[in-house]
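In what follows, a structure is listed as structure tokens, so that the remarks can point back to it.
Note that ligands are numbered from 1 as they come in the structure, with each ligand's atoms numbered from 1 the same way. Numbers for residues simply follow the sequence, beginning at 1. Just so it is clear, the model here is predicted, and its values are computed rather than measured.
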Amino acid sequence: FWPGRSTAGCRGIGQLQRQELQSIEDCRWPISAVYNHRMSLQRTLAIIKPDAVERKLAGRILQRIEDEGFRVRAMRRMALTQAQAEGFYAVHAARPFFASLTSFMASGPAIVLVLEAEDAIAKWRTLMGATDPAKADAGTLRKEFAESIERNATHGSDAPETAAVEIADRKS
Ligand code: UDP
Ligand code: MG
């Protein structure tokens, strides 16, 4: 700790918001604690799928993303090739819906996003809702925008390891 600095008006590290970090010099917390707090921000890969882009829902979905407090760290409109779609969903290669899913994902442009927030992976999956819109909670993106279990408007990474791979691969 930094002797001589006041703790008056300081909030706990867990309550500090990122945009408040410039005021950290007024507090006694060691800089390592601030650094560790910043490192708890997480990134996830999100996709606004071709069904939603085609129906001009991208703007409304982006508004929800910003309203929920995510930062958009990268955004790119991409028309996936069939091979790229198959690579992206390789984990599902043995599933009966694989051919249909990958041709849908290659059927038109998608918008690929890197989203950042505290606990971004789980937070984005909560905002998306269940894979099947019939099972998605009210207020979720898939409940509101998905057409079917396949054409379900959005993608989100499911774990830190897959998020890292999907974010790294998104330019290739
Ligand atoms: N999907 C499908 N039929 C199914 C399950 C999934 O067409 O029975 C599609 C759907 O577009 C889903 C994607 O395959 O988003 C990947 O499936 P996953 O189980 O990983 O769901 P997600 O992580 O997207 O919720
Ligand atoms: Mg998945």
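By the 4.0 Å heavy-atom criterion, L101 is counted among the residues contacting ligand 1. Ligand 1 has K49 within reach: a non-hydrogen atom of the residue lies less than 4.0 Å from it. At least one heavy atom of Y89 sits closer than 4.0 Å to an atom of ligand 1.
Side-chain contact annotation: T102 with Q82, donor-acceptor N/O pair under 3.5 Å present.
In this structure, E161 and E166 have side chains that are not in contact, with every pair of non-hydrogen atoms separated by 4.5 Å or more.
At a threshold of 4.0 Å, the pair R71-E66 does not count as salt-bridged, since none of the basic side-chain nitrogens sits closer than that to a carboxylate oxygen.
Nearest protein heavy-atom neighbour of atom 17 (O) of ligand 1: H92 NE2, 3.4 Å. Of all protein heavy atoms, the one closest to atom 21 (O) of ligand 1 is T131 OG1, 3.3 Å. Ranking protein heavy atoms by distance to atom 11 (O) of ligand 1, first place goes to E150 O, 2.9 Å. Among all protein heavy atoms, the one lying closest to atom 10 (C) of ligand 1 is I149 O, 3.1 Å. The shortest contact between atom 24 (O) of ligand 1 and any protein heavy atom is with R142 NH2, 3.0 Å.
Neither the backbone nor the side chain of R95 comes within 4.0 Å of ligand 1, counting heavy atoms alone.
Hydrophobic clustering (side-chain heavy atoms under 4.5 Å, transitive across Ile, Leu, Val, Met, Phe, Trp, Tyr) groups L57 together with W124. In terms of hydrophobic clustering, with Ile, Leu, Val, Met, Phe, Trp and Tyr side chains grouped at heavy-atom distances under 4.5 Å, V53 and V72 are assigned to a common cluster.
Proximity to R125 (heavy-atom distance under 4.0 Å) selects the following atoms of ligand 1: 22 (P), 23 (O), 25 (O).
Relative to the ring axis of F70, K123 places its NZ or CZ within 45° and under 6.0 Å from the centre.
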Between L62 and L113, does a side-chain contact (heavy atoms from CB on, under 4.5 Å) hold up when you go through it step by step? CA-CA 10 Å; L62 279 166; L113 301 149; 3.9 Å; yes

Evaluate the criterion side-chain contact (heavy atoms from CB on, under 4.5 Å) for residue pair E54 and R151; output intermediate values, then yes/no. CA-CA 11 Å; E54 187 186 353; R151 300 172 65 88; 3.9 Å; yes

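In terms of polar-atom proximity, N152 is counted as a contact of ligand 1, with an N or O under 3.5 Å from an N or O of the ligand.
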